[in-house]
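These notes concern the structure reproduced below.
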Amino acid sequence: VGLLAYDKVHAHFDDLKVYAAGSEQPREYSYEPDTLETAYDYGSDYQSLFLDNFYDKSKEWPDGELVHYEKGYYTVYDGEKGHFVWQNINQSDFIFEANVRVDKWQKNGSVGLTFRMDGAENYYGFFITEDEKYYFDRSVGGSATSLIVKTPVSFDKNAVQVVRVECQD
């Protein structure tokens, strides 16, 4: 699973959850800055594959100029042609969701979630755009193909968006 910002977009990701498809949706949670045990607030009512509130840096997301931890969320900034980071999830059927807030939209910019990744050039992605559309792509060898054309969607570009994809074979 991965996080992507494209075309000079500055995005913040938080409350990332990956859980088994068909399980109950995890309860909403609220973290305090001193809460480092990400799974602490969850019960055993669903199968967690990966959780991150980005207060605990032990999950070892990259930390650099374009991607870094910042005040309890994870920032991805695309300075040129697209930048994303990922963690490996070995599960065929899963649900992936994250809270996303864009600090700086640019014309033609996109932000979203990538999944079923096989390296940096092979993945599926679900994205929302600066001009209030969403789309679904598949990238093979770095060449993206649209699986769903850009479709209008209404959202407040200044608010936190919950972006969620469900993956099933």
Side-chain angles (χ1 to χ4, degrees), residues 1-19 21 28 31 38 49-57 59-91 94-168:
V1 297
L3 313 171
L4 181 134
Y6 186 74
D7 206 3
K8 297 187 180 180
V9 168
H10 186 249
H12 304 290
F13 293 86
D14 195 11
D15 299 344
L16 187 140
K17 306 171 217 168
V18 181
Y19 48 99
E28 290 301 312
Y31 286 102
T38 303
L49 302 172
F50 188 85
L51 303 169
D52 205 337
N53 64 0
F54 297 110
Y55 282 112
D56 178 4
K57 295 182 180 182
K59 299 237 177 12
E60 299 181 9
W61 290 87
D63 205 9
E65 180 183 354
L66 299 178
V67 292
H68 57 273
Y69 291 88
E70 187 176 324
K71 301 176 189 169
Y73 50 84
Y74 193 71
T75 296
V76 179
Y77 172 69
D78 166 43
E80 292 297 325
K81 297 182 179 177
H83 197 84
F84 65 90
V85 295
W86 71 89
Q87 296 281 339
N88 289 325
I89 299 292
N90 294 319
Q91 177 86 11
F94 61 91
I95 297 167
F96 175 24
E97 69 180 58
N99 292 343
V100 181
R101 184 178 62 81
V102 174
D103 188 46
K104 183 179 179 185
W105 282 105
Q106 293 290 340
K107 185 166 179 62
N108 300 319
S110 299
V111 63
L113 306 177
T114 57
F115 49 95
R116 299 202 187 232
M117 300 183 72
D118 183 14
E121 294 185 339
N122 302 295
Y123 60 88
Y124 289 89
F126 180 79
F127 309 100
I128 57 175
T129 67
E130 171 272 334
D131 59 349
E132 296 185 3
K133 294 182 178 155
Y134 70 88
Y135 64 99
F136 180 56
D137 277 357
R138 178 181 181 200
S139 177
V140 176
S143 179
T145 302
S146 291
L147 301 176
I148 295 177
V149 296
K150 289 186 178 178
T151 304
V153 63
S154 179
F155 64 93
D156 181 351
K157 290 193 278 188
N158 298 314
V160 172
Q161 306 301 317
V162 177
V163 179
R164 180 178 189 261
V165 294
E166 187 167 342
C167 304
Q168 293 187 3

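FYI, side chains are in, hydrogens and waters are out, and symmetry mates aren't considered; it's all heavy atoms of this structure. In this chain, numbering begins with 1 at the start of the sequence shown.
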Item to check | Centroid separation Tyr135 to Phe127 less than 6.0 Å | outcome: yes

Item to check | side chain to side chain contact (heavy atoms under 4.5 Å, CB included), paired with Phe96, selected from Leu16, Leu49, Thr114 | outcome: Leu16

Checklist entry - Do the side chain of Gln161 and the main chain of Ala159 share a donor and acceptor less than 3.5 angstrom apart? => result yes

Checklist outcome for this item: Output for pair (Tyr74 OH, Asp63 CG), nearest 0.5 Å, gives 6.5 Å

Item to check | Test log, rule side chain to side chain contact (heavy atoms under 4.5 Å, CB included), inputs His12 and Asp14 | outcome: CA-CA 7 Å; His12 304 290; Asp14 195 11; over 6 Å; no

Checklist outcome for this item: Here the pair of heavy atoms bringing Ala21 nearest to Cys167 is CB-O, 4.4 Å

Item to check | Minimum heavy-atom distance Gly109-Asp7, with the two atoms named | outcome: CA-CB, 3.9 Å

Checklist entry - Do Gln106 side-chain atoms and Tyr6 backbone N/O form a donor-acceptor pair below 3.5 Å? => result no

Checklist entry - For the side chain of Asn122 and the backbone of Gly141, is there at least one donor-acceptor N/O pair under 3.5 Å apart? => result yes

Item to check | By side-chain hydrogen bond (donor to acceptor under 3.5 Å, both in side chains) - contacts of Asp103 (at least two apart) | outcome: His10

Next on the checklist: Working to the nearest 0.5 angstrom, can you tell me the gap between Ser143 OG and Arg138 CZ?
Outcome noted: 11.0 Å

Next on the checklist: Between Tyr77 and Val9, does the side chain to side chain contact (heavy atoms under 4.5 Å, CB included) criterion hold? Intermediate values first, please.
Outcome noted: CA-CA 6 Å; Tyr77 172 69; Val9 168; over 6 Å; no

Checklist entry - Could you give the distance from CG (Asp137) to CG (Leu147), rounded to the nearest 0.5 Å? => result 6.5 Å

Checklist entry - Which word best sums up how the rings of Phe94 and Phe115 line up, parallel for under 30°, tilted for 30 to 60°, or perpendicular for over 60°? => result perpendicular

Checklist entry - What distance do Thr129 atom OG1 and Phe155 atom CZ have between them, rounded to the nearest 0.5 Å? => result 6.0 Å

Next on the checklist: Ring centres under 6.0 Å, that's the criterion: do Tyr73 and Phe13 meet it?
Outcome noted: no

Next on the checklist: Using only atom types and a distance under 3.5 Å, with no angle test, would you say the side chain of Lys157 pairs donor to acceptor with the backbone of Glu132?
Outcome noted: no

Item to check | Distance-only donor-acceptor check, side chains Glu97 and Tyr19, under 3.5 Å | outcome: yes

Item to check | Rounded distance [0.5 Å steps], CG in Asn158 versus CZ in Arg101 | outcome: 9.0 Å

Checklist entry - Under 3.5 Å, is there a donor-acceptor pair between the side chain of Ser139 and the main chain of Glu121? => result yes

Next on the checklist: For Ile128 and Val111: C-alpha separation, side-chain torsions, deciding distance, then whether side chain to side chain contact (heavy atoms under 4.5 Å, CB included) applies.
Outcome noted: CA-CA 6 Å; Ile128 57 175; Val111 63; 3.6 Å; yes

